[in-house]
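Written out below as structure tokens is the structure these notes cover.
Residues: numbered from 1 along the sequence shown. Keep in mind that this is a model prediction, so the values were computed, not measured. Every number for a ligand or one of its atoms is a count from 1 in the order of the listing.
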Amino acid sequence: MEFVGKKYKMTASENFDEFMKTLGVGLITRKAANAVTPTVELRKDGDNYVLVTSSTFKTTEMKFKPGEEFDEERADGAKVKSVCTFEGNTLKQVQKATDGLEVTYTREFGPEEMKAVMTAKDVTCTRVYKVQ
Ligand code: DKA
């Protein structure tokens with residue numbers, strides 16, 4: 001993937017609080033997560049990809065092989081299972097929580113920005129990250 005190794009920093013976020021509420025994230029964690037502007041980088045490690053999302057609130061490393069289900073610890077601490085696939089420069093992720101809630105993420109990587117769209121139930125959150 002041609003955008004491996006680029007760092008993107010969040011510049012805009014819409015509906016993130018509603019999205020987190022839908023995931024069942026509590027008020028204190030939501031406040032902390034709302035206050036930060038994370039940096040996102042896709043790395044390659046052998047056959048694996050690693051999506052690193054860093055902020056002073058939390059840094060998560062999501063390690064995956066495209067098409068293979070893996071265990072993930074979400075930034076709110078929830079233990080979930082995900083499958084990631086690439087469609088061109090878009091990384092698609094389907095994440096299932098133990099309570100059955102399904103969350104989808106699309107992260108479209110471009111030369112100037114990365115756009116993330118996250119959906120849970122009928123709530124969609126959009127976040128834009130500019131290349132650093
Ligand atoms: C991001 O990549 C946000 C990723 C959302 C993670 C799920 C919600 C976590 C709540 C603390 O900028």
Side-chain angles (χ1 to χ4, degrees):
M1 216 275 232
E2 92 184 81
F3 299 111
V4 164
K6 268 194 191 291
K7 280 194 180 139
Y8 299 84
K9 189 164 178 62
M10 196 186 83
T11 55
S13 177
E14 254 177 45
N15 229 20
F16 190 49
D17 197 48
E18 283 306 310
F19 172 75
M20 289 191 287
K21 276 186 197 166
T22 309
L23 268 52
V25 180
L27 178 67
I28 292 171
T29 303
R30 291 205 317 275
K31 277 198 167 181
N34 273 322
V36 294
T37 52
T39 301
V40 174
E41 182 185 353
L42 183 66
R43 295 185 188 151
K44 189 95 200 277
D45 175 12
D47 289 345
N48 294 291
Y49 286 89
V50 188
L51 187 81
V52 184
T53 304
S54 325
S55 74
T56 51
F57 160 62
K58 193 119 194 185
T59 294
T60 59
E61 295 203 5
M62 184 178 83
K63 191 169 184 171
F64 63 94
K65 283 196 180 81
E68 286 187 13
E69 189 177 73
F70 60 95
D71 292 316
E72 183 194 354
E73 184 173 332
R74 211 163 57 194
D76 61 331
K79 301 274 199 291
V80 293
K81 287 191 186 290
S82 281
V83 179
C84 290
T85 49
F86 285 105
E87 284 179 22
N89 290 325
T90 300
L91 174 62
K92 297 203 163 188
Q93 178 184 1
V94 179
Q95 183 186 69
K96 287 196 182 96
T98 47
D99 64 1
L101 180 72
E102 190 171 294
V103 186
T104 61
Y105 304 77
T106 63
R107 296 179 177 93
E108 188 182 352
F109 290 86
E112 304 294 332
E113 64 177 40
M114 189 274 280
K115 186 178 173 190
V117 179
M118 315 169 190
T119 305
K121 295 184 183 163
D122 58 348
V123 177
T124 294
C125 160
T126 304
R127 279 150 86 83
V128 177
Y129 308 71
K130 297 279 183 204
V131 81
Q132 280 197 301

_Is it true that, when you exclude K92 itself, more than 12 heavy atoms of the residues, nucleotides or ligands shown sit nearer than 6.0 Å to its NZ?_
no
*Hey, could you give me each pair passing salt bridge (Lys or Arg N to Asp or Glu O under 4.0 Å) that has a residue in residues 121-132? Not counting sequence neighbours.*
E113-K130
*Are any side-chain N or O atoms of K9 and backbone N or O atoms of T37, one a donor and one an acceptor, separated by less than 3.5 Å?*
yes
Below 3.5 Å only, please: the N or O atoms of ligand 1 paired with protein N or O atoms, distance on each line.
| unit_1 | atom_1 | unit_2 | atom_2 | d |
| --- | --- | --- | --- | --- |
| ligand 1 | 2 (O) | Y129 | OH | 3.4 |
| ligand 1 | 12 (O) | R127 | NE | 3.1 |
| ligand 1 | 12 (O) | R127 | NH2 | 3.1 |
| ligand 1 | 12 (O) | Y129 | OH | 2.6 |

*Just wondering, do L101 and L23 contact through their side chains at under 4.5 Å, heavy atoms?*
yes
*Before giving the answer on salt bridge (charged side-chain N to carboxylate O under 4.0 Å, His left out), spell out for E108 and K115 the whole-Å C-alpha distance, their side-chain angles and the decisive distance to 0.1 Å.*
CA-CA 5 Å; E108 188 182 352; K115 186 178 173 190; over 6 Å; no
*is_close_aromatic(Y8, F3), centroid dist under 6.0 Å*: no
